[in-house]
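First the proteins, then the strands, lettered A, B, ... as listed; each starts at 1. Basis for what follows: all heavy atoms, side chains included, without hydrogens, waters or symmetry-related copies. This structure is a prediction, so every number in the text was calculated from the model and none was measured.
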Amino acid sequence: MLKFVLRRLLHTVPVLFGISILSFGLLSIAPGDPAEILLRSGGIQPSEEEIVAVRAEMGLDKPIYVQYGLWLWRLLHLDLGISYSSGRPVISELLDRFPATIALAASAVTILLIIALPLGVASAKYPGSWIDIFGRILTLISASMPGFWIGLLFIYYGAVRLKLFPVTGMDGFSSVWLPALTLGFGMCGTYIRLIRAGMLEALRQSYVRSVRARGIKESVIVGSHALRNAFLPVLTLFGVQCGHLLGGSVVVETIFAWPGIGKYAIDAIFMKDYIVIQGYVLLMALIVVAVNFLVDIGYTLLDPRIRLGKSL
Amino acid sequence: MKKRSRMFRIQIGWLTAALATIVLLSGCGSNETAANAPSSSLPSQDAKTDVDKQVTVAVAADPALDQLDAGAYKGAIEVHPMVYDSLVEYGEKGSIVPSLAESWDISEDGKTYTFHLRQGVVFSDGTAFNADAVKFSFDRWIGDPANSSLNVSKGLKEIKVIDEATIRFEFGEAYYPLLTELTFARPVRIISPTAVEPAGDPKGKFAKPIGTGAWVVDSYEKDQEAVLVRNPNYWGEAPRLSKIILKVIPDAQARVLALQSGSVDIAGGQSGKIPAENLELLKSDDKLSIQRSAGTSSHFLIYNYDRASLQDVNVRQAINLAIDKKGIVDKLLEGAGSEAHGLFPLTVPYVTESNNEWYGYDEDRARQLLREAGYADSDGDGIMDKDGKPLELSLVLQQTEYPEWKPIAEYVQAQLLKAGIRIRLRMLESNAYYDALWTSREYDLIIYRTYSDAYNPHAFLLSLFHSTGDTPAVAWSDSLLESLIDEAVASTDIRQRQAKYDAWFKRAREQAIYAPLYYPDDIYAVNKRVKNFKLGYASFSPIVWNELDVSK
């Protein structure tokens with residue numbers, strides 16, 4: 001097991017390296033000069049002298065490979081550099097925002113599971129029934145309503161009309177639910193269908209018939225035997241989507257003024273703040289790799305066949 | 001039958017389980033908020049007590065108040081003038097108003113400025129304000145190449161402290177907007193020598209925002225909110241409010257909802273734009289009032305003077321005549337602006353009723369001018385052509401900063417088509433747009449806006465209609481226009497200066513070197529409990545904070 005972990009960790013090094021070269025390279029061919037963009041943020045076109053001075057200050061007068069080399073060198077000292085646009089250290093900016101991002105993602109996943117799990121299982125157990133139809137309708141709504149709209153509707157009804165929640169911002173425990181609901185609801189459709197399909201498939205298997213024949217309680221068959229198997233594709237999808245969940249919830253973060261890392265990254269892209277983008281890419285790549293690693297471990301727990309893969 | 005009903009009961013069980021948990025979750029949320037409500041979501045409750053009068057203002061971006069250095073371009077621009085005062089301030093239509101300087105003398109040649117400072121002023125931490133503090137504030141940034149676009153920085157020869165209350169600035173050459181530059185939000189404002197570490201060292205590192213302004217930074221939570229409180233040591237009349245809260249809400253629709261819920265009192269202007277399409281909705285809310293005033297900027301089309309078709313003055317005039325400027329304001333901006341009669345609105349210095357005249361809307365005249373220029377619709381496709389080439393132009397725009405440009409550009413496209421000109425719209429990402437505007441010049445027409453307030457008209461004209469070094473002018477190259485700008489900015493006599501600007505605007509009109517579209521209004525939505533709401537004269541001090549009050 002330890003060997004497996006180490007090998008997986010080693011694999012991430014070339015992945016991260018490749019990603020960082022790609023993002024540096026792509027940014028350098030994108031339009032706009034970071035020094036100019038920074039100076040222009042006051043609404044005024046800066047003079048050539050100003051641009052040259054700021055470019056030198058930011059180290060942008062050096063060739064792109066030197067900039068990349070310097071970034072790598074600092075990274076080896078666990079320093080992600082200083083953001084051009086805000087003048088703050090990237091590592092602390094990212095870490096400051098990380099708890100908010102995790103809180104939002106975790107709450108969204110909780111809500112997602114609370115909606116999708118019972119609905120998915122029930123609509124597989126009773127296909128064609130009204131609960132299945134209800135699940136389908138919910139899926140349709142979840143998949144087709146854009147996040148910014150749902151979010152605004154939630155604010156309107158939850159905060160403006162009923163005054164149950166704060167409109168925006170991170171203001172105590174209650175403020176997480178509207179953004180989490182928006183994010184979780186937007187994703188739940190896929191999971192309802194996925195769990196339903198997995199359960200239908202699992203319930204048709206011969207082992208389910210055999211445990212039924214042995215007179216095991218139906219709730220145990222559904223909740224334990226079948227669900228375990230139905231959960232594998234869900235876990236896979238979750239591994240793929242976690243990056244999106246953590247960094248891609250920009251719309252939700254913007255609407256709810258949620259201080260997460262998604263919006264921070266998007267702002268950095270508009271400002272062409274290489275240092276921030278690189279730090280962000282690195283962090284997200286690490287997280288995606290780590291989550292997928294956990295997902296792999298999750299497989300072996302759910303399905304012994306994967307654990308025993310070699311001997312079969 | 002029995003089995004069916006049992007199954008139904010189980011299904012109900014599943015559904016209740018799913019719904020119950022949602023309700024439970026939102027339920028625990030609501031309890032929490034109910035307990036918090038008076039302090040967090042309803043500021044109006046707090047304000048009822050006389051001791052704590054406060055308003056909450058929505059802003060779109062983090063105000064970065066931990067970096068609010070008077071000498072740097074960091075921190076929210078509109079907070080700089082709240083915390084730091086300047087020697088002089090920007091008054092109505094660019095008039096120069098005394099502030100920390102009570103009066104000043106300008107030498108005959110326009111190169112020496114002597115300021116007589118206000119006595120008995122202290123910084124918010126009690127440090128005395130004097131000529132040394134002024135010199136300290138300027139020494140921190142003056143001469144830095146990064147400030148070369150400011151003539152105060154580039155042209156300064158020496159700052160001399162004459163005595164405690166007198167300071168003299170010597171410049172290399174006369175440049176009338178020097179006083180205007182001293183009204184800017186930054187970096188010209190005065191900071192206490194105790195605000196840096198080590199204290200009093202112009203090269204010292206900025207530590208805390210200490211100024212003489214009416215407001216003091218009380219607390220700041222990144223990306224969430226910032227609190228400003230009244231400065232007990234303020235030299236002027238004390239503000240009526242005790243507290244101003246800046247709440248970060250990046251999304252425009254969410255700002256509208258926050259206004260409706262009462263969790264913010266004021267939103268709008270440059271720092272927290274309200275979309276034009278929400279104006280109707282906000283107007284119908286009887287808790288809110290809409291406040292608007294003519295801004296100082298304007299939006300217009302730049303012509304690329306390298307294009308053969310646009311070198312013909314008839315074509316340039318025809319484009320101007322073919323666009324229904326009033327239609328843009330009425331149909332697309334919901335009336336939140338006014339039809340453009342020239343490059344700048346009347347709120348800009350040196351712009352007068354008589355020099356601010358433009359081409360109206362006359363489609364027939366536009367077609368006639370095109371025919372005079374040798375164009376005709378020879379193949380009957382509705383597009384004018386000349387020498388077998390159709391009159392087709394590209395119009396470059398961006399949507400990131402100005403989402404309203406897209407419908408406006410489409411409107412212009414439809415109107416020019418009626419006059420026989422085909423427009424191809426090219427929507428660019430904002431950085432690519434600026435590259436096209438300032439560097440590559442890959443456009444036939446490009447929509448742009450003037451700078452705001454204190455930069456107009458001189459700085460904007462210099463940056464767009466004047467060559468810099470070897471680079472020819474950006475928006476229109478004309479040697480007569482360039483020398484008129486040079487003469488205007490160097491003139492020490494106000495009448496002579498006005499004459500130069502008049503001549504500039506006259507020639508610009510005759511030559512039709514751009515196509516003005518509209519002057520946007522500054523729009524704010526304000527909760528009616530807020531009293532004495534008055535808009536400022538400069539975009540960096542958008543609201544007269546010191547007079548703002550709330551009803552009990």
Side-chain angles (χ1 to χ4, degrees), chain A residues 30-32 36-37 39-50 52-54 57 86-87 96-97 110-111 114-115 118-119 121-122 125-126 129-131 134 148 152 155-156 158-160 163-174 176-177 181 253-257 259 263 270 272, chain B residues 7 10-11 14-15 17-18 21-22 25-26 28-34 36-37 40-42 64 67 73-74 77 144-149 222-225 247-251 253-254 257-258 260-261 263-264 400 428-432 434-435 438 451-452 455 459 463-464 468-469 471 474:
Chain A
E36 218 173 312
I37 296 170
L39 285 167
R40 210 189 278 131
S41 58
I44 311 300
Q45 179 63 17
S47 71
E48 198 51 47
E49 290 154 287
E50 284 174 294
V52 170
V54 171
E57 197 182 302
S86 73
D96 279 355
R97 287 174 166 81
T110 313
I111 288 175
I114 287 168
I115 302 174
L119 270 178
V121 172
K125 185 79 180 80
Y126 312 105
S129 70
W130 63 269
I131 198 161
F134 177 76
F148 67 88
L152 290 172
I155 297 184
Y156 184 67
V160 179
K163 296 196 189 289
L164 291 176
F165 302 95
V167 178
T168 59
M170 205 165 73
D171 188 9
F173 180 68
S174 66
V176 75
W177 294 117
L181 200 61
E253 283 180 11
T254 306
I255 292 177
F256 291 94
K263 185 161 184 301
F270 277 115
K272 274 195 88 174
Chain B
M7 229 158 92
I10 296 171
Q11 288 176 11
W14 278 108
L15 187 68
T21 2
I22 297 176
L25 283 172
S26 48
C28 47
S30 67
N31 289 340
E32 171 86 6
T33 345
N36 276 345
S40 62
S41 58
L42 297 167
Q67 299 180 315
Y73 290 88
K74 280 181 181 155
I77 188 164
D144 182 343
N147 289 312
S148 65
S149 66
K222 195 168 161 35
D223 286 322
Q224 292 290 298
E225 65 172 38
K247 202 174 165 74
V248 183
I249 307 181
D251 184 70
Q253 297 300 332
L257 289 166
Q260 290 181 305
S261 79
S263 64
V264 305
T400 324
L428 297 181
E429 178 268 329
S430 66
N431 293 324
Y434 281 117
D435 275 354
W438 296 105
Y451 301 160
S452 37
Y455 294 95
S463 106
L464 273 106
T468 37
T471 324
V474 172

Checking heavy atoms, do the side chain of [X], its backbone, both or neither come under 4.5 Å from chain B?
{"X": "A257(A)", "value": "both"}
{"X": "F148(A)", "value": "neither"}
{"X": "P259(A)", "value": "both"}

Highest number of heavy-atom pairs under 4.5 Å with chain B: which of [options]?
{"options": "E48(A), K272(A), K263(A)", "result": "K263(A)"}
{"options": "R97(A), E57(A), E50(A)", "result": "E50(A)"}
{"options": "S86(A), A159(A), G158(A)", "result": "S86(A)"}

(message) How close do L152(A) and A254(B) get, counting heavy atoms only, and between which atoms?
(response)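 Taking every non-hydrogen atom into account, CD2-N, 4.1 Å.
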(request) Could you tell me which non-hydrogen atom of N431(B) sits nearest to which non-hydrogen atom of I37(A), and how far apart they are? (result)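 Minimum heavy-atom contact is OD1-CD1, 3.2 Å.
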(message) Does any backbone or side-chain atom of E225(B) lie under 4.5 Å from a heavy atom of chain A? Answer side chain, backbone, both or neither.
(response)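 No part of it gets close to chain A.
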(message) Between T400(B) and chain A, with a heavy-atom cut-off of 4.5 Å, which part of the residue counts as in contact: side chain, backbone, both or neither?
(response)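 Contact with chain A is through the side chain of T400(B) alone.
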(message) Determine whether V264(B) and V167(A) satisfy the following criterion, side-chain contact (heavy atoms from CB on, under 4.5 Å), listing intermediate values before the conclusion.
(response) CA-CA 10 Å; V264(B) 305; V167(A) 178; over 6 Å; no
(request) Apply side-chain hydrogen bond (donor to acceptor under 3.5 Å, both in side chains) to K74(B) and list each qualifying residue two or more places apart in sequence or on a separate chain. (result)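 side-chain hydrogen bond (donor to acceptor under 3.5 Å, both in side chains) list for K74(B), sorted by chain: empty.
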(request) Please identify each residue that fulfils side-chain hydrogen bond (donor to acceptor under 3.5 Å, both in side chains) with S463(B), with sequence neighbours left out. (result)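 Listed in chain order: Y451(B).
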(message) At a heavy-atom distance under 4.5 Å, which candidate from Q67(B), Q260(B), Q253(B) has the highest pair count against chain A?
(response)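 Of the options given, most contacts go to Q67(B).
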(message) Counting heavy-atom pairs closer than 4.5 Å to chain A, which one of T468(B), L257(B), D223(B), V248(B) comes out on top?
(response)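 Looking at each option in turn, the highest pair count goes to L257(B).
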(message) What's the separation between atom CG in D144(B) and atom CD in E49(A), rounded to the nearest 0.5 Å?
(response)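 So the gap between those two atoms works out to 11.0 Å.
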